[in-house]
**Student:** 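To start, I am sharing the structure in question, which I have written as structure tokens.
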There are 2 protein chains.
Amino acid sequence: MELLEEHRCFEGRQQRWRHDSTVLNCAMTFSIFLPPTEEGAKPPVLFWLSGLTCNDENFTTKAGAQRIAAELGIALVMPDTSPRGEDVADDAGYDLGKGAGFYLNATEQPWASHYRMYDYVRDELPALIQAEFAVSDRCAISGHSMGGHGALIMALKNPGKFTSVSAFAPIVNPTHVPWGQKAFTHYLGNDAEKWQAWDSCALLLASNAEDAIPTLIDQGDADQFLAGQLQPAVFAEAARQKDWPLTLRIQPGYDHSYYFIASFIEDHLRFHAEHLFG
Amino acid sequence: MELLEEHRCFEGRQQRWRHDSTVLNCAMTFSIFLPPTEEGAKPPVLFWLSGLTCNDENFTTKAGAQRIAAELGIALVMPDTSPRGEDVADDAGYDLGKGAGFYLNATEQPWASHYRMYDYVRDELPALIQAEFAVSDRCAISGHSMGGHGALIMALKNPGKFTSVSAFAPIVNPTHVPWGQKAFTHYLGNDAEKWQAWDSCALLLASNAEDAIPTLIDQGDADQFLAGQLQPAVFAEAARQKDWPLTLRIQPGYDHSYYFIASFIEDHLRFHAEHLFG
């Protein structure tokens, strides 16, 4: 692992690292915020998954999360949104290929050899974080848009792994919206039955009651993608049917930008703290 | 004026505007944050001046200032750092020309026809803000690095205009450091006597006691530019001689980045609020 940057931030340490990912078969960069701690204390971890076109730095520089993470004593881990490098397949569209890994394991070529963000975020990166940093194994997960989809499927597919999950403007039902249909066709092939394993609404409807974890979703009602790509009401209806502990908040006037995330990230961190330390 | 962007942010409005500047003889972009207010209330204004290579968006996206400005009821105005456009003179260096206006009025060619950031920030932009937005005429000023220099000279050259001034890692003594000497030589010519009117240490030593205003400076001690370009101790010594109300805080471990600014911007906003509303 190579340390690319380190900055003192709210008495903690904001770092950026590069490492060779076995799962993704390329070099990857991630950011981490380590809060100030008492000697020997091991903070729990919140994984943050970013949206289309982002890398590890968008949330790191724009969300203002470090202030609250420092106060609460939570480490923040921000992975990139896709494999990277010259030999990694890409597409001219912003919503496919690099910057658009959709947190799944691709089965189709030319994607399958690198695009395994699900295994990377679920297994390889957490193991690396556990091995290299003084953090506890308690963790929660959150994300924005494509990363909100990522956070929800990670939580739903891995009962017991996360204490809580939250999302900002998540793509909850990718099998039914253009972003998801395009990505899933390329990454997973034309058999839409195989897509269901990566759709949080489908996963939620198939979930067991004992696996439910506290879930918070914020959605701006001035979000340009609300009607066409996001549709949180579909997830809310599935949660109602399953008696899943979801809080869905519609935030009047807010859009899809990091200004929206910055405005409500404090609530999300306090929500996760309640369960990480509970 | 043309509205380029608007985002809801902490219940206020984050906007980006383009307008034609008469003073700078080019189109200029600025950002403004308007806090939520009671009907008819006019918030005071904090002008923020950014550093080398920045534009109006660095502070806007990275500092996390809107949260506190919304709470306190302060409008934030973020101008660009130089004139812009294809017919504006530039230089290959990051510390001269576009992105490096140094908040002065250039007298030398090819700079003199556009580089009048002092007049722009002091007169044209505040008049525009007063005319176009529901804000009060109470104002304070702050900035980072080159913008910290800008904030200090604005305050020192214009007694009574600002209630208070603050800076992060300011270039306090540009006539004695490489950044300032390079810029002043190009913008103002070789006569170093003329540079004194744009040097906050020289201005402070020539100031009148009755013009003093509360001044806060934060400086990280891990700032790579501390010894070579910044030297806040020179300003502190001048303040001591003049009995100027300066608080200089050396922040252990902090560098020159926006992570440093984000960590302490709350203190600066609360400091200014005390005087803006005092």
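Predicted model only: the values in this text are computed from it and were never measured. So you know, we letter chains A, B, ... as the sequences are listed, proteins then strands, and number each from 1.
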**Student:** Against chain B, label Ser257(A) side chain, backbone, both or neither, depending on which of its atoms sit under 4.5 Å from a heavy atom there.
**Tutor:**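 Just its side chain gets close to chain B.
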
**Student:** Could you tell me whether the side chain of Tyr254(B) and the main chain of Glu11(A) form a donor-acceptor pair under 3.5 Å?
**Tutor:** yes

**Student:** Restricting to non-hydrogen atoms, name the atom on Gln66(A) and the atom on Tyr259(B) that form the minimum distance, rounded to 0.1 Å.
**Tutor:** NE2-CE2, 3.9 Å

**Student:** What do you reckon, is CZ of Arg249(B) surrounded by more than 12 foreign heavy atoms closer than 6.0 Å?
**Tutor:** yes

**Student:** How long is the gap from CZ on Phe260(A) to CZ on Phe10(B), to the nearest 0.5 Å?
**Tutor:**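 One finds 12.0 Å between CZ of Phe260(A) and CZ of Phe10(B).
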
**Student:** Partners of Glu57(B) by side-chain contact (heavy atoms from CB on, under 4.5 Å), sequence neighbours excluded?
**Tutor:**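 side-chain contact (heavy atoms from CB on, under 4.5 Å) list for Glu57(B), sorted by chain: Glu5(B), Arg16(B), Asn55(B).
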
**Student:** Between Gln251(A), Gln14(A), His7(A), Glu266(A), who has the most heavy-atom pairs with chain B when the cutoff is under 4.5 Å?
**Tutor:** His7(A)

**Student:** Counting only heavy atoms not in Lys42(B) (residues, nucleotides, ligands), do more than 12 fall under 6.0 Å from its NZ?
**Tutor:**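 Check fails, neighbour count at 12 or below.
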
**Student:** Atom CZ in Arg67(A), atom CD1 in Ile265(B): separation rounded to 0.5 Å?
**Tutor:** 13.0 Å

